[in-house]
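Have a look at the structure below, then the notes.
Keep in mind that this is a model prediction, so the values were computed, not measured.
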Amino acid sequence: MNNKVLVSVLFLAALGLAGCASDGSKPGEEGADAAGAGRDGARGKALLSKRTVYFEFDSSALDGESRAIVEAHAAHLAANAKIKLSLEGHADERGTREYNLGLGERRAQTVERVMRALGVGADRVKTVSYGEEKPAAPGHDE
C-alpha cells in the first residue's frame with residue numbers, strides 16, 4: 001500500500017504556466033547531442049505537465065521524482081520572469097485540523113525554498129495551506 005499523501009503544490013501561475021512549453025535544457029548543456037537534447041526536452045515537458053507533488057505520510061521532505069518536478073517548474077519560472085504562482089499545501093484527514101494546516105504549510109514552504117534556491121524570486125511565489133479542509137484528491141484511505 002502506498003503511504004504517500006497528496007500535497008497539491010498546484011503550480012497555479014498567474015500568467016499561464018500551463019500553456020508554456022520548455023525545451024527541458026539546463027544551463028551548461030548547449031553541447032548535448034541531438035538525441036540527448038530530445039530526450040531531455042521530452043522529460044522536461046513531461047515534468048512541466050505535472051502540477052502536483054507527493055510527500056510521504058507525516059513528512060514535508062521531497063522525494064526524487066517530486067524534486068525533479070519542482071526543479072523543472074523552477075527552471076521554467078526562472079526563464080519567464082513575469083510568471084507568478086501560488087503553491088497550495090494539503091494534507092489528508094488524519095490528525096487534527098491545526099496539525100494538518102501546519103503540515104500543508106510546511107510542504108508548500110519546502111517547495112518554495114527549492115524554487116527560491118533555483119532562482120525564483122520570493123515576490124513571485126505565494127504559499128497557502130488548506131490542510132485537510134480542501135483535499136487535493138478525494139478519498140478516505142491511504
Using every non-hydrogen atom in the two residues, find where [X] and [Y] come nearest and quote the distance to one decimal.
X    : Y    : result
V128 : S86  : CG1-OG, 4.1 Å
V120 : A74  : CG2-O, 3.6 Å
S59  : L103 : O-CD1, 3.9 Å
L118 : E71  : CD1-CG, 3.6 Å
F55  : A61  : CD2-O, 3.3 Å
E132 : D92  : CB-O, 3.3 Å

Do the non-hydrogen side-chain atoms of [X] and [Y] ever get within less than 4.5 Å of each other?
X    : Y    : result
K84  : V125 : no
L77  : M115 : yes
H73  : L85  : no
T127 : E105 : no
E88  : H90  : yes

Query - Any donor-acceptor N/O pair, S60 side chain to R106 backbone, under 3.5 Å - result: no
**Report entry** Salt bridge R97-E133, side-chain N to carboxylate O under 4.0 Å
**Finding:** yes
Query raised in the report: Can a salt bridge be assigned to the pair K50 and E65 using a cut-off of 4.0 Å between side-chain N and carboxylate O?
Result: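 Yes, charged N to carboxylate O under 4.0 Å.
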Report task. Report the C-alpha distance between V70 and L62 in whole Å, list the side-chain angles of each, state the deciding distance to 0.1 Å, and finish with yes or no for side-chain contact (heavy atoms from CB on, under 4.5 Å). Result -> CA-CA 9 Å; V70 173; L62 290 168; 4.3 Å; yes
Query - Joint hydrophobic cluster, V114 plus I83, side-chain heavy atoms closer than 4.5 Å - result: yes
Query - V53: which of I69, D63, T110 passes side-chain contact (heavy atoms from CB on, under 4.5 Å) - result: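 Checked I69, D63, T110 against V53; only one passes side-chain contact (heavy atoms from CB on, under 4.5 Å): I69.
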Report summary line: CZ (R67) and CG (L47) are apart, to the nearest 0.5 Å, by 13.5 Å
Report task. Starting at CZ of R124, measure out to CZ of R116 and round the result to the nearest 0.5 Å. Result ->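 So the gap between those two atoms works out to 12.0 Å.
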